[in-house]
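Reminder, nothing fancy here: chain letters follow the sequence lines and each chain counts from 1.
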There are 2 protein chains.
Amino acid sequence: MKRQNFSRRPGCAVETALDLIDGKWKGVILYHLQAGTQRFGELRRRMPSVTQRMLTKQLRALEQDGLVIRKVYAEVPPRVEYTLSELGESLRPVIDILKAWGEGHQERLSGAPAPHLVKKPKRAA
Amino acid sequence: MKRQNFSRRPGCAVETALDLIDGKWKGVILYHLQAGTQRFGELRRRMPSVTQRMLTKQLRALEQDGLVIRKVYAEVPPRVEYTLSELGESLRPVIDILKAWGEGHQERLSGAPAPHLVKKPKRAA
DNA sequence: CAGAATCCGAAAGGATACTG
DNA sequence: CAGTATCCTTTCGGATTCTG
């Protein structure tokens, strides 16, 4: 997943950014954290379809990438809070536009394989 | 990779969009196609680090998703051109913002694991 | 030129069970 | 509550060879 540093050829900047939010969940996690600091369990409730293992893994990855700050409270029962870092906050417009695009277009993507790919049936049997 | 249709819970729109540009290359391909229709070989030259197998696969995926239109010319030697569909064009602002973000932040990501994760050496030995 | 086919190792992602 | 630890399957992605 980590790729090396592609100096600064254009298009690679796209890759740089995509790297941080790829996979199935990272973008969604970032989105939910935009609502503010959240505990692990809260995030789980907001994302019912992610397994707890994956949520943990992705959160750690985001932490490694410096997008999210993980704060552990030495309490019983345990409490762990996740917050967007400054860098993570800076992704807000990116996430927002992804969300806006998704909302605007997901109906078109429902099942249809793509209009121009649909074989026209050769006028019935 | 295809997930089903998550009605319209927020955050899932993020996933919808991310789905289309995830993986290592799709975003970059889309970016390069923004410069206009390109032949397979042109794309390869613009993306020297992608193998031809992956380029083919990702282009097919993009075609399936309706973002790219593939046009084959019945010629010898063969010619195949790839163009952004209308839907693909509609992603332009998304790609642009990814690129802009990447450009603005990739220096900070060079090698550093994330500022707040760096263990401060306990004042020298 | 633009691929298809095959093979392979590495990650991603999921299910389930267990724990401090 | 917030994870680990295993196990497992699927997908990603690269290398190489072959072809119309």
Protein-nucleotides 15-20 of chain D N/O pairs closer than 3.5 Å?
{"unit_1": "dA15(D)", "atom_1": "N6", "unit_2": "Arg53(B)", "atom_2": "NE", "d": "3.3"}

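- The CH2-C1' distance, from Trp25(B) to dC12(D), rounds to 12 Å in whole Å.
- Considering Glu63(B), His32(B), Arg70(B) in turn, Arg70(B) is the only one that fulfils the side-chain hydrogen bond (donor to acceptor under 3.5 Å, both in side chains) rule with Tyr82(B).
- Closest-nucleotide positions on DNA chain C for Val50(A) and Glu81(B) were compared, and the one nearer the 5' end corresponds to Glu81(B).
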Inset, instruction - Assess whether side-chain contact (heavy atoms from CB on, under 4.5 Å) is satisfied between Phe40(A) and Arg79(A), documenting all intermediate values. - result: CA-CA 8 Å; Phe40(A) 187 82; Arg79(A) 179 156 57 113; over 6 Å; no

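- Leu55(A) has its CG atom 8 Å from the P atom of dG3(D), to the nearest Å.
- For dC1(C), neither phosphate oxygen OP1 nor OP2 lies less than 4.0 angstrom from any side-chain nitrogen or oxygen of Arg44(B).
- Remark: Lys71(B) NZ to Tyr73(B) OH distance equals 4.0 Å, nearest 0.5 Å.
- Over its length, the helix from dC1(C)-dG20(D) to dG20(C)-dC1(D) turns its helix axis by 50°, as judged from the five terminal pairs at each end, rounded to 10°.
- The CZ atom of Arg45(A) sits 7 Å away from the P atom of dC1(D) (whole-angstrom rounding).
- The distance between atom CD of Glu15(B) and atom C1' of dG13(C), rounded to the nearest whole Å, is 13 Å.
- With sequence neighbours excluded, no residue forms a salt bridge (Lys or Arg N to Asp or Glu O under 4.0 Å) with Glu86(B).
- To the nearest 0.5 Å, the span separating NZ on Lys57(A) from CD on Gln52(A) amounts to 13.0 Å.
- Phe40(A) places its CZ atom 8 Å from the P atom of dA2(D), with the value rounded to the nearest Å.
- Considering only side-chain N and O atoms, Arg39(A) lies nowhere under 4.0 angstrom from the phosphate OP1 or OP2 of dG3(D).
- As rounded to whole Å, 11 Å separates atom C1' of dT10(D) from atom NZ of Lys57(B).
- When rounded to the nearest whole Å, the span between NZ of Lys26(A) and C1' of dA12(C) equals 11 Å.
- Residues forming a side chain to side chain contact (heavy atoms under 4.5 Å, CB included) with Thr51(A) (at least two apart in sequence, or on another chain): Arg53(A), Met54(A).
- Distance from the side chain of Met54(B) is smallest for dG14(D) among the nucleotides dG14(D), dG13(C), dA4(C).
- Arg39(B) is linked by a side-chain hydrogen bond (donor to acceptor under 3.5 Å, both in side chains) to nothing, counting only residues two or more places apart in sequence or in another chain.
- Considering CG of Leu33(A) and CD of Glu89(A), their distance stands at 9.5 Å, rounded to 0.5 Å.
- For Lys24(A) and dG14(C), the shortest distance from a side-chain N or O to OP1 or OP2 is below 4.0 Å.
- Using a 4.0 Å heavy-atom criterion, one finds that Tyr82(B) contacts the sugar-phosphate atoms exclusively.
- In this structure, Arg70(A) places its CZ atom 16 Å from P of dC1(D), rounding to the nearest Å.
- Looking at residues two or more places apart in sequence or on another chain, you find no salt bridge (Lys or Arg N to Asp or Glu O under 4.0 Å) involving Glu42(B).
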